Amino acid sequence: MVHQHHHHDHEHGHNHAYAHGHNHAGHSHAPDHFGFAFAFGAALNTLFVVAELGFGYAANSLALISDAVHNFSDVISLLLAWIAMWLAGKQPTQRHTYGYRRASILAALVNAGLLLIAVGGIAVEAINRLQEPAAVAGRTVVLIAALGILVNGGTALLFMRGRHGDLNVRGAYLHMAADAAVSLGVVVAALVIMATGWLWVDPAISLCIAGVVLASGWGLARDSVNLALDGVPKGIELAEVREYLVHLEGVTELHDLHVWAMSTRETALTAHLVRPGGYDDNFLHRICEELSQRFDIQHATLQIEASGEVCRLAPAEVV
């Protein structure tokens, strides 16, 4: 009989939380809004990359060329994040019972990798150019880089609203905000070279670009690796969740608590609660609702244990 209680509760908790998770994920038109932002950002940046490469070679500016290479990695990352967002919205199948939500975490990982690879490429070229300085056509660089501030700054604004809620949107925002700052640096470098003739300023600014990209890429890599390893998502304190669950009315013990990311937007939780008095549907509904409201955990599955029988997953060292 105890086993049946476990199964029924597990089912019920799962179904309720699953439905609630979908409502939560769709509480705004965020995916539609960001779908447009990804499409517009990718198209605009592709055009800008082509222009930047052409004028960069014509002006012999490494700062412009390295910025174009970085911008191209941004276009790929925008497309990846866009595809991942589309996949995450697809329905579960018999083979993939969570759907393809995990694709968003893979996209965040790849995006972080692209940022870090871009850093290496820019740094190598800049060091080579420091050893062999070359003349730069300053006026062309100023015009194109100034256009870059507008393109990247405008695209960053499209992603600003959701940068705290989704790792891929945050990645897109970081890419674009970093690019706007980088373009500003290129303008400054070209103006300094025009005024002083110091050719080393061009590769020096390229190294600064690499530093900016490294800073934004490192944080993204850390967070996306954490999600890929089923770590507790940033912004959720496990101790607070544990404290909430263990102090629920009638609960005498909590074990086998796990919190992880289903995607870059949705968080899941499983836990065993020992409650000798049993449970009812309202108890489960209330917990799922509060986990969503207080901790932004949308997909909770709870197992209630009413008997004094020790669960084999109770020991802390058993995962």
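Everything numeric here is computed off the predicted structure, so don't read it as measured data.
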Exercise. Does Glu266 reach the side chain of Arg101, with side-chain heavy atoms less than 4.5 Å apart?
Worked result: yes

Problem set entry | Val225 side chain near Leu229 side chain, heavy-atom distance below 4.5 Å | yes

Problem set entry | Option from Leu254, Val246, Ile297 for which side-chain contact (heavy atoms from CB on, under 4.5 Å) with Val241 holds | Ile297

Exercise. CD of Glu253: more than 12 outside heavy atoms within 6.0 angstrom?
Worked result: yes

Exercise. Going through the checks in order, is the side chain to side chain contact (heavy atoms under 4.5 Å, CB included) test met by Gln303 and Leu273?
Worked result: CA-CA 6 Å; Gln303 178 166 306; Leu273 300 174; over 6 Å; no

Exercise. Where do Ile236 and Val232 come nearest, in terms of heavy atoms and distance?
Worked result: O-CG1, 3.4 Å

For this session: Check whether any side-chain heavy atom of Pro203 sits under 4.5 Å from a side-chain heavy atom of Ile127, and report yes or no.
Result: no

For this session: Could you go through the side chain to side chain contact (heavy atoms under 4.5 Å, CB included) check for His255 and Cys311 one step at a time?
Result: CA-CA 9 Å; His255 56 264; Cys311 174; 3.4 Å; yes

Exercise. So if you build clusters from Ile, Leu, Val, Met, Phe, Trp, Tyr with side-chain heavy-atom gaps below 4.5 Å, do Val274 and Leu284 land together?
Worked result: no

Exercise. Mind checking whether Trp198 and Trp200 have parallel, tilted or perpendicular rings, split at 30° and 60°?
Worked result: parallel

For this session: Would you give the length of the straight line joining atom CG of Leu116 to atom CG of Asn111, rounded to the nearest 0.5 angstrom?
Result: 11.0 Å

For this session: Using a 4.5 Å cut-off on heavy atoms from C-beta on, say whether the side chain of Val259 contacts that of Pro233.
Result: yes

For this session: Look at Arg275 together with Glu305 and state whether they make a salt bridge at an N to O cut-off of under 4.0 Å.
Result: no

For this session: Taking Gln298 for its side chain and Ser292 for its backbone only, find out whether a donor-acceptor pair lies under 3.5 Å.
Result: no

Exercise. Do Leu257 and Leu269 touch side chain to side chain, with heavy atoms closer than 4.5 Å?
Worked result: yes

Problem set entry | Closest approach of Ile105 to Ala261 (non-hydrogen atoms, all atoms of both residues) | CD1-O, 3.8 Å

Seminar exercise, completed: Value for OG (Ser206) from CG (Asn128), rounded to nearest 0.5 Å, stands at 11.5 Å

Exercise. Which atom pair, heavy atoms only, marks the closest approach of Ala84 to Ala103?
Worked result: CB-O, 3.7 Å

Problem set entry | Euclidean distance, Asn60 CG relative to Phe55 CZ, rounded to 0.5 Å | 15.0 Å

For this session: Check whether any side-chain heavy atom of Asp74 lies under 4.5 Å from a side-chain heavy atom of Met176, and answer yes or no.
Result: yes

Problem set entry | Heavy-atom closest contact (Leu80 atom, Ala107 atom, distance) | O-CB, 3.9 Å

Exercise. Counting only N and O atoms by type, is there a donor-acceptor contact under 3.5 Å from the side chain of Asn152 to the main-chain atoms of Gly148?
Worked result: yes

For this session: Start with the C-alpha gap between Leu79 and Val75, add the side-chain angles, then the distance that decides, and say whether side chain to side chain contact (heavy atoms under 4.5 Å, CB included) holds.
Result: CA-CA 6 Å; Leu79 291 174; Val75 171; 4.2 Å; yes

Exercise. From Leu78 CG over to Phe40 CZ, what is the distance, rounded to the nearest 0.5 angstrom?
Worked result: 12.0 Å

Exercise. For the side chain of Ser224 and the backbone of Leu220, is there at least one donor-acceptor N/O pair under 3.5 Å apart?
Worked result: yes

Exercise. For residues Thr264 and Asp166, is any side-chain donor paired with an opposing acceptor at under 3.5 Å?
Worked result: yes

Exercise. Is it true that Arg102 and Asp230 have a side-chain N and a carboxylate O under 4.0 angstrom from each other?
Worked result: yes

Exercise. Is there a donor-acceptor pair under 3.5 Å between the side chain of His247 and the backbone N or O of Glu243?
Worked result: yes

Exercise. Parallel, tilted or perpendicular for Phe295 and Tyr244, by the 30°/60° rule?
Worked result: tilted

For this session: Tell me whether Ile65 is reachable from Val49 by hopping between hydrophobic residues (I, L, V, M, F, W, Y) whose side-chain heavy atoms are closer than 4.5 Å.
Result: yes

For this session: Tell me whether Leu47 is reachable from Val151 by hopping between hydrophobic residues (I, L, V, M, F, W, Y) whose side-chain heavy atoms are closer than 4.5 Å.
Result: no

Exercise. Does the side chain of Trp260 come within less than 4.5 Å of Thr270's, by heavy atoms?
Worked result: yes

Exercise. For the residue pair Val119 and Ala210, what are the closest heavy atoms and their distance?
Worked result: CG2-O, 3.6 Å

For this session: Kindly say whether the aromatic ring centers of Tyr279 and Phe283 come within a distance under 6.0 Å.
Result: no

Problem set entry | His258 and Asp256: CA distance, side-chain angles, deciding distance, side chain to side chain contact (heavy atoms under 4.5 Å, CB included) verdict | CA-CA 6 Å; His258 299 284; Asp256 201 38; 2.9 Å; yes

Exercise. Looking at CG of Leu291 and CG of Leu302, how far apart are the two atoms once the value is rounded to the nearest 0.5 Å?
Worked result: 6.5 Å

Exercise. Rounded to the nearest 0.5 Å, how far apart are CG of Leu87 and NE2 of His96?
Worked result: 10.5 Å

Problem set entry | Minimal non-hydrogen separation, Ala228 against Leu109, with atom names | CB-CD1, 3.7 Å

For this session: For the residue pair Phe159 and Phe38, establish whether any side-chain heavy-atom pair is separated by less than 4.5 Å.
Result: yes

For this session: Is it possible for you to say whether Met85 and Ile83 belong to one hydrophobic cluster, with membership spreading through side-chain heavy-atom contacts below 4.5 Å?
Result: no

Exercise. Leu238 and Ile287: same hydrophobic cluster, using ILVMFWY side-chain contacts below 4.5 Å?
Worked result: yes

